[in-house]
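Every number for a ligand or one of its atoms is a count from 1 in the order of the listing.
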Amino acid sequence: FPVENIRNFSIVAHVDHGKSTLADRLLELTGTIDKTENNKQVLDKLQVERERGITVKAQTASLFYNCEGKQYLLNLIDTPGIQAQTVANFFLAFEAQLSVIPVINKIDLKNADPERVENQIEKVFDIPSDECIKISAKLGTNVESVLQAVIERIPPPKVHRKNPLRALVFDSTFDQYRGVIANVALFDGVVSKGDKIVSAHTQKTYEVNEVGVLNPNEQPTHKLYAGQVGYLIAGMKNVIEAQIGDTLYLHKQPVEPLPGFKSAKPMVFAGMYPVDQSEYNNLKSAIEKLTLNDSSVTVHRDSSLALGAGWRLGFLGLLHMEVFNQRLEQEYNASVILTTPTVPYKAVLSSSKLIKEYREKEITIINPAQFPDKSKVTEYLEPVVLGTIITPDEYTGKIMMLCEARRAVQKNMIFIDQNRVMLKYLFPLNEIVVDFYDSLKSLSSGYASFDYEDAGYQTAELVKMDILLNGNTVEELVTVVHKDKAHSIGKAICERLKDSLPRQLFEIAIQAAIGSKIIARETVKAYRKNVLAKCYGGDITRKMKLLKRQAEGKKKLRKIGNVEVPKDAFIKVLKTR
Ligand code: GDP
Ligand code: MG
């Protein structure tokens with residue numbers, strides 16, 4: 001395939017704006033998949049993606065398209081919708097001097113107003129409004145012009161086929177039977193079956209067993225040439241061997257490795273432990289495989305007295321954490337305990353003893369258990385982000401109240417047309433990770449959009465809050481909170497725990513505490529639960545079944561002191577604040 005006829009592109013937009021649906025239409029238009037009624041988010045292959053209707057993993061597809069007698073190869077990457085960072089992504093693309101094609105979707109909706117959106121795009125991004133393409137991905141309206149624009153406005157990749165091979169590993173998956181399948185983009189050279197290749201990262205040599213293109217399923221080919229995107233299988237057995245961002249080159253033809261990727265910065269951390277310590281090794285290998293698949297998750301070993309050996313994982317956000325957990329359960333049958341998510345706080349140490357221990361004055365706290373006491377620090381710092389909200393004017397008042405309740409400071413407010421406002425706020429990160437997006441959507445009937453970017457750290461008065469059940473600390477729920485929020489958050493957690501704890505043979509006191517000071521309390525009354533009471537008549541098999549079911553139920557319980565806590569009680573408590 002001549003390089004002049006190759007184009008690489010991806011679709012970037014907020015969750016739900018129709019990226020996967022547009023990808024479906026592009027696959028159909030180019031004959032990559034058959035046109036049927038039920039092509040719905042074809043590239044979303046994972047169970048969790050189908051259930052939640054979001055793209056978790058970016059999928060690649062190579063499309064062949066005929067235009068004015070020439071055949072083009074278009075490599076499409078459908079992007080995941082986990083981060084609300086479209087505006088920030090636009091500026092990244094702009095700085096990298098990539099071509100940007102503005103596409104306005106959902107013009108079939110009754111209240112769609114594409115002209116107004118064009119004007120907003122011109123105002124916010126400085127893109128002339130006549131460059132916008134107005135489509136309905138759902139109905140297929142005008143989708144062909146997107147393909148035309150990809151050919152006309154995006155330049156062919158700058159690659160050199162005569163140079164020795166340089167292939168970038170941009171994704172990889174693990175197949176039980178075939179080992180690691182690396183998705184590669186070729187910048188230079190050619191690779192064929194039988195070639196000996198070397199990983200720049202590990203310096204290990206492999207023989208290529210198979211190369212091919214993603215169509216969107218794997219389709220073996222004889223060779224892959226520079227400018228192409230495809231997959232490669234080379235007998236890598238261990239998931240650690242195919243790191244995303246690695247460069248592959250030919251044995252005896254070493255090259256300068258490609259710059260790779262700037263790794264995504266985790267924003268939310270949580271502890272993860274096996275429900276049963278005998279499951280530790282299984283869970284370890286499941287986490288390794290999933291992180292190979294999703295390199296934005298960071299993993300550190302951790303342990304706790306109550307929960308045993310486990311890990312502290314870093315995620316891009318709460319949805320990312322939930323999806324990761326769900327994938328562990330669905331794809332690896334793992335059952336885990338998750339602790340309260342926390343953001344990376346910092347503490348400036350005053351005690352010279354501690355400074356010696358940590359070898360530095362400023363430490364990052366990703367585990368509330370390691371939160372240093374106030375007597376040992378000069379100040380605490382919390383991460384902040386610059387958030388951009390675009391909303392119809394009628395919701396501005398309510399949104400400003402929401403932002404203030406989240407300790408946000410307004411930085412800017414402009415009208416981007418007659419009735420749309422763009423608000424900029426500096427938010428403490430921990431105030432938006434949990435449920436800010438949902439609250440914003442619900443109070444603006446879904447119309448407000450939200451975007452944020454990293455903005456460093458600010459001083460904050462932080463305290464560590466414990467949740468106690470009959471006087472015993474619940475390790476999963478230890479959390480760091482802002483002093484002013486401790487009471488309301490503590491109260492809310494106690495109330496939610498009360499609702500999700502089943503009554504037991506004795507009374508349960510649920511308390512929130514800062515040090516030895518109790519700041520909130522709820523009580524669950526005693527209740528006698530007799531499973532066998534239902535089985536009158538002495539039907540022994542029925543009795544056995546009930547006892548067995550209760551024993552299975554116990555596996556999903558955690559004992560804290562004498563109190564039994566169902567696993568899903570924690571999840572319910574963690575989900576909102
Ligand atoms: P993504 O999160 O950006 O990948 O969005 P999806 O492609 O999953 O689409 C989100 C929702 O919007 C789905 O319910 C789609 O059916 C719907 N949708 C996508 N494109 C259109 C469109 O052009 N018109 C209408 N009315 N709905 C659309
Ligand atoms: Mg999608």
message: Holding to ring-ring contact (aromatic ring centres under 6.0 Å, His included), I want the full list of residues that pass it with F64, two or more places apart in sequence or in another chain.
response: F1
Proximity of N105 to ligand 1 by residue part, where a heavy atom lies under 4.0 Å: side chain
message: I'd like to check S136 versus K106 (side-chain heavy atoms, cut-off strictly below 4.5 Å). Are they in contact?
response: no
message: Quick check on the 6.0 Å ring-centre criterion: do F269 and F315 meet it?
response: no
message: Distance under 4.0 Å to a non-hydrogen atom of H17: what atoms of ligand 1 satisfy this?
response: 3 (O), 5 (O)
task: Spell out, as yes or no, whether a donor-acceptor pair under 3.5 Å connects the side chain of T340 to the backbone of E476.
output: yes
message: I'd like to check whether G18 has a polar contact with ligand 1, where a contact means an N/O of the residue lying under 3.5 Å from an N/O of the ligand.
response: yes
- request: Examine the proximity of ligand 1 to D16 and report which part, side chain or backbone, both or neither, has a heavy atom under 4.0 Å away.
  value: both
statement: To atom 9 (O) of ligand 1, the nearest of T21, I104, D24, D108 on a heavy-atom basis is T21
field: Check: A137 N/O within less than 3.5 Å of ligand 1 N/O
entry: yes
field: Contact partition for L109 relative to ligand 1, non-hydrogen atoms under 4.0 Å
entry: side chain
message: Is the ring pair Y447/Y395 parallel, tilted or perpendicular, if the boundaries are 30 and 60 degrees?
response: parallel
field: Heavy-atom donor-acceptor pair, R312 side chain to H300 backbone, under 3.5 Å
entry: no
